[in-house]
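Written out below as structure tokens is the structure these notes cover.
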Amino acid sequence: MLERAHILVCGGTGCTSGNSKLIAEEFTRLLTENGLQNEVKLIMTGCFGLCAKGPIVVVYPEGAFYQHVKVENVAEIVSEHILKGRVVARLTNVEKDDDGANKSINETAFYKKQKRVVLRNCGIINPEDIDEYLAYDGYKAYEKAVTAMTQQEVIDCVKASGLRGRGGGGFSTGLKWQFARDSVADQKYVVCNADEGDPGAFMDRSLLEGDPHCVIEAMMIAGYAIGATKGYIYVRAEYPIAVERLNIAIAQARDYGILGDNAMGLGHAFDIELRLGAGAFVCGEETALLRSTEGKRGEPKQRPPFPAVKGLFEKPTLINNVETYGNITQIILNGPEWFAAMGTEKSKGTKVFALGGKIKNTGLVEIPMGTTLRTIIEEIGEGIPNGKRFKAAQTGGPSGGCIPAAYIDTKIDYDNLIALGSMMGSGGLIVMDEDNCMVDIAKFFLEFTVDESCGKCTPCRIGNKRLYEMLDKVTKGEATLEDLDKMEELCRYIKENSLCGLGQTAPNPVLSTLKYFRDEYVAHVRDRKCPAGVCKALISYKIIEDKCIGCGLCKRGCPVGAISGEIKKPHVIDPSKCIKCDACFAACKKNAISK
Amino acid sequence: MKTLQELQEIRDRMKSRVANRETADESDVRIVVGMATCGIAAGARPVLAAIGDEIESRKLTNVKVSQTGCIGICAYEPIVEVYVPNREKVTYVHMTPEKVGAVIARHIVNGSPVTEYTYSYAVANRGGNA
Ligand SMILES: Cc1cc2nc3c(=O)[nH]c(=O)nc-3n(C[C@H](O)[C@H](O)[C@H](O)COP(=O)(O)O)c2cc1C
């Protein structure tokens, strides 16, 4: 029977941690109690993107977008909306259209400027049901590729689309497929890079959680095109939901004969296995990933030879990122011209970003290439919370750099970001406001890469460590202006001499903040001040006598008893006891504490 | 092992089942069933179910079914409103599962409303007691 309503509960990692499983169970219980189980369908989907407003529940056909849903709200949604057909407006998005009615999802600020190509099925289908994937033209692209196109035509189609790798480097996907096809060998492999190690990035995870079959189908198409019969998905073990859904998807595809010795009865063999990574950042680098897939220690090696020539088990190997694969079925089905019509001259299609940091709508967004940073931050992200000023956006994670506020109208694509000294990276986009210290940000990323360096080559292992120590000196007010020049020199040395991309890009956050925020570095060194009030060694907390009303909030909040004073009289902080934890600053309602 | 044809059958069958996960666009026919207490008490639920079945068996993908609250003419429930693009809305009253087949076949598929089930017909022909 056709269900009259579909309730979609977000089962992405973010909403799951907000108890969406319990919410779904409560729906099931109440639907059954009301005898609605055959009339109303409940589906756990992948990520809707608007994680800041999670847990999210969407009810169709109205498209009512319930946000911050609690288990207690479920009864009301069932009795009002499902039974009586009245949307519970109080629990939905608060955006209204001109007539005062609640806007439907696609009209809201967060979704309006997005273009969902890769994420088209996320938040729409049940990722654990292959039939739902089939409903949205699933496995039709593979059928078309094998029955209507030669292997070379498939590759030409990908080339003509202009698709470039979404894993960071931005290399032409079609060319890479061509190299893998042109390598002659008895066995070739197709590998999917789902290691996603950038701090703050969760695009690939969300795609795997929300639409695992689209990656499987793309790998099958790649296998056909380059002549490979075996695929591996290398996914980090910290992504348990993605791993589970991939396992279910692979099992269902095998059951239908879609994966197997005679895939879909079309005469080509293809099967996929998972490899779980242990969460080392360097294992996202392709040569290290392939070694780790072989069961060896995940260390990079020199290229060339590139994997397309000599990769997994010394055989020609095509390795692409999850999101890169996410575009393939649509390119095959809709044609390369359709894809190339989106984006800028040299960056076609869309890009998924994990939007985080000081932004109202944290979450997952997919935008056409060439969208400006301003659109992402001010419209889709709905700006910076608490009326603060936008300072910079960090892209490319620990390999990237920052884009200062002056460049907010930059059109985002591969080349413009490189020109600014940052990079697309895999798609983390962290927004910073006036309260972020740029030296501290650089230190955060460098600390990460120092931790994650595999130690195989000296420039990365020792160079980055020394660079980190110099940064540390800056944040403690112990550096000299000469040190800043030395740091720049060391950065260049590390970039030129490291073995793999990890070392070659590790200094980028330092270089880019030195370039755009040198005055902040100088303030730390020369004035021994941290203008943003973050670096602990350089700040001291004081109570401004004139502003203090003696309410005692700071005193109560202080964990070490460093604040004294009588009620209704100005308080004082004892600097010898103060541990600079910021609790008093956060507690004071009168802005009476300076740092 | 599913053949290409079997896969296509799954696609076709599933397509109408997931169709209501898109909000209706301009070119869709919308069928709205009154599902307030009055409608449900008068038997709106089996009507809604019958509409769903009919749409599925006819594989109509450009039809969106939704529910609404009380329309205000409770004496005429169950009520079903049909919106065909660029046409006046048609309101069917005293609906039953048996009447659904005719509405779908004559109105949705062939484009001519089933006059004798409509509100205006009911009002024009009401005797003294409706
Ligand atoms: C340190 C380091 C980490 C990387 N991490 C990832 C990653 O997590 N995911 C990914 O797809 N690519 C990552 N890459 C890029 C891969 O080496 C490789 O370029 C990519 O998988 C190629 O796929 P694409 O052409 O589809 O982008 C990383 C590279 C480096 C140097």
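Numbered from 1 within each chain, the chains take letters A, B, ... in sequence-line order.
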Would you indicate whether [X], at its atom [atom1], is surrounded by more than 12 heavy atoms from other residues, nucleotides or ligands within a distance under 6.0 Å?
| X | atom1 | answer |
| --- | --- | --- |
| A:Lys41 | NZ | yes |
| B:Asn86 | CG | no |
| B:Arg87 | CZ | no |
| A:Asn334 | CG | yes |

Between [X] and chain B, with a heavy-atom cut-off of 4.5 Å, which part of the residue counts as in contact: side chain, backbone, both or neither?
| X | value |
| --- | --- |
| A:Glu132 | both |
| A:Leu83 | both |
| A:Leu259 | neither |

Task: B:Gln8 versus chain A, the contacting section by heavy-atom distance below 4.5 Å - done: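 The answer is the side chain of B:Gln8.
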Open item on the list: What part of B:Thr3 gets within 4.5 angstrom of chain A, counting heavy atoms only: side chain, backbone, both, or neither?
Closed with: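 When you check distances to chain A, no heavy atom of B:Thr3 falls under 4.5 Å.
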Open item on the list: For a 4.5 angstrom cut-off between non-hydrogen side-chain atoms, does A:Leu134 reach B:Lys2?
Closed with: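 Heavy-atom side-chain distance check fails, nothing below 4.5 Å.
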Task: Check: A:Ile258 and B:Leu7 side chains under 4.5 Å, non-hydrogen atoms - done: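 Answer yes - side chains close enough.
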Enter the distance from [X]:[atom1] to [Y]:[atom2] here, rounded to the nearest 0.5 Å.
| X | Y | atom1 | atom2 | answer |
| --- | --- | --- | --- | --- |
| A:Leu266 | B:Leu4 | CG | CG | 5.0 Å |
| B:Met1 | A:Arg254 | CE | CZ | 14.5 Å |
| A:Tyr133 | B:Met14 | OH | CE | 14.0 Å |

TODO: Using a strict cut-off of less than 4.0 Å between a Lys/Arg side-chain nitrogen and an Asp/Glu carboxylate oxygen, indicate whether A:Asp137 and B:Lys15 qualify as a salt bridge.
DONE: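 Here A:Asp137 pairs with B:Lys15 in a salt bridge, since their nearest N and O are under 4.0 Å apart.
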TODO: Output, in order, the C-alpha distance, side-chain angles, deciding distance and verdict of side-chain contact (heavy atoms from CB on, under 4.5 Å) for B:Val18 and A:Ile125.
DONE: CA-CA 8 Å; B:Val18 296; A:Ile125 65 166; over 6 Å; no
- [ ] Could you go through the side-chain contact (heavy atoms from CB on, under 4.5 Å) check for A:Lys140 and B:Arg11 one step at a time?
- [x] CA-CA 10 Å; A:Lys140 255 192 168 164; B:Arg11 282 190 199 107; 3.5 Å; yes
